[in-house]
Amino acid sequence: MNQEPIQWPTIPSFTEASKLRDLLIQETGRSYVVREVMDGFSVARAVTQEAERSTSPESPPDAGDGEAPLPAPLVLRPAWRISWMSGVLALLTGALAIGAHDLIPRLLDVLADTVGRETVASALGVLPVHPANLVAWSALALCGWILLGWIYHRYVRLYRVTPDAVEEHVGIVARQTRRVRLQHVRSVGLRQTFFGRLFNVGDLEFASSGTGEVDIVFRGIRSPATMRAHIQKLMNAGQVTQ
């Protein structure tokens, strides 16, 4: 499925983004999807293969063009804020890399007053590089490693909620996919830590009726309670139509 981003301002609330998506679907008859972005949620056009074939000159129009379109799938990723500690560590190591050339000489002066300048000078002569450079390079490498891990943690997982199923995609190059139909979901559990409640992030756990165990986990998503209510609404709608 290809997505064409729409140049609208980011919407902070998932509820407001869903209202805009539903309005666009109602007015245009086309499919749109709500996507989570760094500053909130955005709405994008969802172009499916079926839509591409229907707009092709060679393909005849479908008989069901007059029917109401299905709700567009919801695409989620783990929230940036779920790894807030990584951001703090990256900020601290970055600051250390920048200030190492001022901090390390002062620490060496304090050490020289304690153990003697000759001892410190002889120890520095053994080192291949100056301690300030060593600390700066090490802190910079650590900062880069933390940032890469932070980005990887977000983009290695993708979650989709369609009108009839929930999906979990794990991986970037090699990807593993789990899918459970909503009619087979026995329960939707919500798990939040203290910091999760503080930052409004948490995990949604889906247990299927076939295994009785948790089959899919949406880890660290934003507004988990709202998302849980949205999924339960889809589940109830599916039960009514069956």
Side-chain angles (χ1 to χ4, degrees), residues 1 3 12-19 21-22 25 31-38 40-44 46 48 69-86 149-242:
M1 182 176 64
Q3 295 180 353
S13 170
F14 167 73
T15 303
E16 296 299 326
S18 299
K19 291 180 180 179
R21 176 202 62 192
D22 296 340
I25 293 175
S31 297
Y32 290 86
V33 59
V34 176
R35 295 189 303 175
E36 185 180 14
V37 295
M38 186 172 182
F41 297 90
S42 65
V43 179
T48 61
L70 294 174
L74 177 65
V75 180
L76 302 170
R77 289 188 184 274
W80 289 106
R81 68 187 75 171
I82 193 65
S83 301
W84 62 272
M85 184 60 70
S86 297
W150 195 7
I151 295 173
Y152 176 81
H153 179 269
R154 173 177 169 84
Y155 287 100
V156 73
R157 297 182 182 275
L158 182 142
Y159 311 119
R160 296 180 74 248
V161 179
T162 68
D164 63 343
V166 290
E167 301 175 0
E168 177 187 19
H169 304 268
V170 181
I172 296 179
V173 179
R175 173 163 292 187
Q176 179 182 4
T177 301
R178 299 185 182 91
R179 187 174 190 270
V180 176
R181 295 183 63 86
L182 291 179
Q183 62 182 0
H184 296 155
V185 174
R186 180 173 60 87
S187 64
V188 183
L190 171 60
R191 184 174 60 184
Q192 281 183 299
T193 63
F194 171 77
F195 288 103
R197 292 181 62 86
L198 185 63
F199 294 117
N200 194 22
V201 295
D203 302 341
L204 288 184
E205 301 176 337
F206 300 89
S208 67
S209 56
T211 63
E213 299 179 354
V214 175
D215 296 300
I216 291 180
V217 180
F218 286 7
R219 302 184 186 277
I221 63 172
R222 300 176 59 179
S223 304
T226 303
M227 208 62 57
R228 181 188 185 187
H230 173 72
I231 295 172
Q232 289 176 335
K233 181 179 179 181
L234 292 177
M235 294 171 58
N236 295 333
Q239 293 174 358
V240 172
T241 56
Q242 289 180 357

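All values below come from the heavy atoms of this structure, side chains included, with hydrogens, waters and symmetry mates left out.
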Engineer: Would you find a donor on one side and an acceptor on the other, under 3.5 Å apart, between the side chain of Arg228 and the backbone of Pro224?
Structural biologist: no
Engineer: Take Val166 and Phe206, measure what side-chain contact (heavy atoms from CB on, under 4.5 Å) needs, and give me the verdict at the end.
Structural biologist: CA-CA 9 Å; Val166 290; Phe206 300 89; 4.0 Å; yes
Engineer: Ignoring hydrogens and geometry, is there a side-chain-to-backbone donor-acceptor pair from Arg157 to Val170 under 3.5 Å?
Structural biologist: no
Engineer: Nearest heavy-atom pair of Val180 and Ser208: which atoms, and what distance?
Structural biologist: CG1-CB, 4.1 Å
Engineer: Kindly determine whether Ile82 and Arg219 satisfy side-chain contact (heavy atoms from CB on, under 4.5 Å), including the steps that lead there.
Structural biologist: CA-CA 9 Å; Ile82 193 65; Arg219 302 184 186 277; over 6 Å; no
Engineer: Only pairs under 3.5 Å count here: list side-chain donor-acceptor contacts from residues 196-203, not counting sequence neighbours, and write none if there are none.
Structural biologist:
from	atom 1	to	atom 2	distance (Å)
Asn200	ND2	Ser223	OG	3.4
Asp203	OD1	Gly220	N	2.7
Asp203	OD2	Arg191	NH2	3.2

Engineer: Run the side-chain contact (heavy atoms from CB on, under 4.5 Å) test on Leu158 and Leu76 for me, step by step, so that the C-alpha distance in whole Å, both residues' side-chain angles and the decisive distance to 0.1 Å come before the verdict.
Structural biologist: CA-CA 6 Å; Leu158 182 142; Leu76 302 170; over 6 Å; no
Engineer: What I'd like to find out is whether the side chain of Ile231 reaches to under 4.5 Å of the side chain of Leu204, using heavy atoms alone.
Structural biologist: yes
Engineer: Please check if atom NE2 in His230 has more than 12 non-hydrogen atoms from other residues, nucleotides or ligands closer than 6.0 Å.
Structural biologist: yes
Engineer: Report yes if the side chains of Tyr159 and Val161 come closer than 4.5 Å at any heavy-atom pair, otherwise no.
Structural biologist: no
Engineer: Suppose we screen for side-chain contact (heavy atoms from CB on, under 4.5 Å). Which residues come up paired with Ser86, at least two apart in sequence or across chains?
Structural biologist: Ser83, Ile146, Trp150
Engineer: Between Arg178 (side chain) and Glu168 (backbone), is there a donor-acceptor pair under 3.5 Å?
Structural biologist: no
Engineer: From Ile216 CD1 over to His169 NE2, what is the distance, rounded to the nearest 0.5 angstrom?
Structural biologist: 8.5 Å
Engineer: Tyr152: what forms a ring pair (Phe, Tyr, Trp, His ring centres under 6.0 Å) with it, not counting sequence neighbours?
Structural biologist: none
